[in-house]
Structure formats: C-alpha cells, structure tokens
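Here the structure comes first, spelled out in structure tokens, and everything after it is commentary.
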Amino acid sequence: MTNPTDTSRPFGYRFAIRALRPLLMASTTRDWSGAENLPSQGGWVVCPNHVSHIDPLVFAHFLVDNGHAPRFLGKYEVFDVPVVGAVLRSADQIPVYRGSGRATDAYRAAVAAVRAGKCVAIYPEGTLTRDPDLWPMRGKTGAARVALETRCPVIPVAQWGPSSCCPPTAGAPTCGPGRGCRCGRAPRSPWRTSTTGR
C-alpha cells in the first residue's frame, strides 16, 4: 500500500510561509482549480512552465495552500545568498550545481525526495523561458529521468501571468494596481491555477 504524500514542513519552510504568504495574499487574488487532481499518495514530480522570477513563490503558494510542500530544484547561486540560502537549505530545497563535479547531486536528491514521499518541483527547461512570447522552450531530461527512476506520477502545469508582475528581463517585481497576472491550464493539463495582481 502506498504511503500518504509527505507534507512535512521543516523550520525554514514554516518561516518562509509566515514571511511571504501575507505579502502574496495582499498583492494577488487567486483563481485556483483542479487541486483535487494532485496526488495524495506517495512521492511525485510536478512540472510548471517558467515565465517569471517570482514563479516559485506563486506556484508554491498554490501547492502549500492545497496541502502540499514542494521541494524545488534551484540554481546553487541562490543558495549562496546570505539569509536566503540559509532559509532554502533549512526548507529542504535542492541546489543544482550545473557544469561542475556535483552536477548529479540534484538528481540524486530529487530521487531521494520522491522516494521519501515528497512533491518535487522541476522546471523542465531548467531556466526562465527566452521565447519573446513566453512560450516554453525545449525541455531537458531531468524530470523524466527522476520519474523513470522512481516510477512516480508527473503532473504537468501551465501557469500564466506572473510575467506581468515580473517579466524575465525585470530586476524587481512591479505588482500593484492594474498589474494583472493570469495563469491558465494548457490543453490536456489536469488542473489550472491563476493569479491576478491587484
């Protein structure tokens, strides 16, 4: 029998939620649906598209508010930022060491997390889209390799709108009155989530 999905939240996770959730609640309205399609048993991989620097915050908000605690793969440079890096490590997030002798560490950590029953969030492209219309680029193999190794479900996600608050080329978010954000479900995607800045 498959064990329930691990929704545990280490100290860093709880700290980030308390610090960031009020900001997200104040700066966005949410139109979420389909959360009932997210797995409740065992570990799994979730694959959203990547259109904005704030995607992890918006997407984590959806998952956390629906009872899941995702572990994101993120470039190791972010983990080296003072305070931010400490929170990420304490929150059990997974650094990616690209182009180094530790390049496979993230893969092993993701496999271990899935086998431990956790939700692991992987951006298939491994980076922000560079398409001028923000369409996804060609994906890498990381999510598929984790899924093949663990035989876990993979949940594809299409989100849209965070780019109007913080485009890929922006240095800082510009959320506020009149700055709309919408995230939608792509054809055949099992659920939809949307946020609208106000």
Side-chain angles (χ1 to χ4, degrees), residues 3-28 30 32 35 38-98 100 102-128 142-143 145-147 149-150 152-155 157 159 162 165-166 172-173 175 183 193 195:
N3 293 325
T5 295
D6 181 359
T7 58
S8 60
R9 300 174 183 178
F11 169 77
Y13 225 118
R14 300 193 303 274
F15 175 84
I17 290 171
R18 290 184 181 182
L20 296 173
R21 190 174 184 276
L23 176 62
L24 290 168
M25 292 293 290
S27 61
T28 65
R30 291 144 303 281
W32 293 335
L38 299 175
S40 60
Q41 300 290 317
W44 46 288
V45 171
V46 61
C47 295
N49 60 322
H50 202 357
V51 297
S52 170
H53 294 288
I54 64 172
D55 281 342
L57 301 181
V58 174
F59 186 55
H61 189 193
F62 167 77
L63 290 175
V64 167
D65 275 24
N66 282 286
H68 300 279
R71 271 56 175 184
F72 282 85
L73 273 68
K75 58 184 181 181
Y76 79 91
E77 291 90 347
V78 179
F79 288 75
D80 288 339
V81 176
V83 181
V84 173
V87 171
L88 290 174
R89 293 180 190 281
S90 179
D92 201 22
Q93 304 304 295
I94 302 172
V96 178
Y97 298 91
R98 287 181 279 195
S100 75
R102 300 181 61 185
T104 60
D105 287 4
Y107 169 75
R108 295 193 186 99
V111 167
V114 169
R115 286 179 171 161
K118 295 176 171 58
C119 164
V120 176
I122 301 176
Y123 291 104
E125 302 146 295
T127 188
L128 279 165
R145 289 172 59 211
V146 172
E149 177 69 23
T150 61
C152 73
V154 177
I155 309 301
V157 176
Q159 60 175 348
C165 281
C166 186
C175 292
C183 308
T193 176
T195 60

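Numbers here are sequence positions counted from 1.
- Scanning all heavy atoms of the two residues, the minimum distance from Pro153 to Gly43 falls at CD-O, 3.5 Å.
- The shortest heavy-atom contact between Val87 and Ala16 is CG1-CB, 4.3 Å.
- At least one side-chain heavy atom of Leu38 sits less than 4.5 Å from a side-chain heavy atom of Phe62.
- Using a 4.5 Å heavy-atom cutoff, the side chains of Ile122 and Val146 are in contact.
- Tyr13 is listed as a side-chain neighbour of Val64, based on a closest heavy-atom distance under 4.5 Å.
- Aromatic ring orientation, His68 versus Trp44: perpendicular (interplanar angle above 60°, classes split at 30° and 60°).
- Side-chain contact between Pro95 and Lys75 is absent, with no heavy atoms from C-beta onward closer than 4.5 Å.
- To the nearest 0.5 Å, atom NE2 of residue His61 and atom CD1 of residue Ile54 are 12.0 Å apart.
- Taking a 6.0 Å sphere around OH of Tyr97, one finds it holds more than 12 heavy atoms contributed by other residues, nucleotides or ligands.
- Residues Phe79 and Arg89 approach most closely at CB-NH2, 3.4 Å, considering heavy atoms.
- Side-chain atoms of Asp55 come within 3.5 Å of backbone atoms of Ser52 as a donor-acceptor pair (strictly under, hydrogens ignored).
- Rounded to the nearest 0.5 angstrom, Leu24 CG and Ile17 CD1 are separated by 11.0 Å.
- Listed by first and then second residue, the salt bridge (Lys or Arg N to Asp or Glu O under 4.0 Å) pairs that reach into residues 13-25 are Arg21-Asp65, sequence neighbours excluded.
- Considering only heavy atoms from C-beta on, Arg98 stays 4.5 Å or farther from Tyr76 through its side chain.
- Closest non-hydrogen pair, Gln93 versus Pro70, comes out as NE2-O, 3.4 Å.
- Rounding to the nearest 0.5 Å gives a distance of 8.0 Å between NE2 of His50 and CD of Glu125.
- The side-chain heavy atoms of Tyr123 and Pro48, taken from C-beta on, include a pair separated by under 4.5 Å.
- Nearest heavy atom pair, residue Val96 against residue Ala106, reads CG2-CB, 3.8 Å.
- A distance of 6.5 Å separates CD of Gln41 from OG1 of Thr5, quoted to the nearest 0.5 Å.
- For the pair Ser8 and Ala69, the tightest heavy-atom approach, listed with the atom from each and the gap, is O-CB, 3.6 Å.
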